[in-house]
Amino acid sequence: MRVQESKGLLKPAYQHLGEENIPKFTVIVAQKNHHTKLFQAGGANNNVPPGTIVDTGIVHPRNYDFYLCSHAGMIGTSRPAHYHVLVDEIDFSLDDLQNLIRSLSYV
């Protein structure tokens, strides 16, 4: 089932239960199994510091996605998580959403 289809079913379900205040949803998918690795400029063995976010250059030009390297890795092994924002009814700004996910990584 697609996200748009399931989102279309959530609101009628809330209405069926008699709810008047229907919540807004934000759906984010985190992908860990990919082949992207991040390195600092100046050498292939220099990992990026924890908390590094990449949201330009290597991301999709039209989709709402970004990479977050939330932890330190051994030399040359930092692999960030790739986050895809599928639905954003709350209308987070890009910085607010990235800070929220970064903060939740350390909880």
* Give a yes or no on whether H16 atom NE2 has more than 12 heavy-atom contacts from other residues, nucleotides or ligands under 6.0 Å away. => no
* Report, as yes or no, whether the 6.0 Å neighbourhood of atom NZ on K24 holds more than 12 heavy atoms from other residues, nucleotides or ligands. =>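 No, because the 6.0 Å sphere around NZ of K24 holds 12 heavy atoms or fewer from other groups.
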* Give a yes or no answer on whether the side chain of E89 reaches the backbone of F25 with a donor-acceptor pair at less than 3.5 Å. =>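 Side chain of E89 to backbone of F25: a pair is present.
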* Please answer whether the main-chain N or O of F92 pairs with a side-chain N or O of D96 as donor and acceptor at a distance below 3.5 Å. =>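 No, D96 side chain to F92 backbone: no donor-acceptor pair under 3.5 Å.
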* Mind checking whether L17 and I22 sit in one hydrophobic cluster, side chains of I, L, V, M, F, W, Y counted as touching below 4.5 Å? ->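 As far as the 4.5 Å side-chain criterion goes, I22 and L17 are not connected within one cluster.
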Can you measure from [atom1] ([X]) to [atom2] ([Y]) and round to the nearest 0.5 angstrom?
X	Y	atom1	atom2	value
T26	L97	OG1	CG	7.0 Å
D65	L86	CG	CG	10.0 Å
D55	L68	CG	CG	11.0 Å

* To do: For the residue pair N63 and H84, establish whether any side-chain heavy-atom pair is separated by less than 4.5 Å.
  => no
* Using a 4.5 Å cut-off on heavy atoms from C-beta on, say whether the side chain of T52 contacts that of Y67. =>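 Y67 vs T52: side chains apart.
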Of the non-hydrogen atoms in [X] and [Y], which two are nearest, and what is the gap between them?
X	Y	value
H82	F66	CD2-O, 3.4 Å
P50	S70	CB-O, 3.9 Å
D88	D91	OD1-N, 3.1 Å

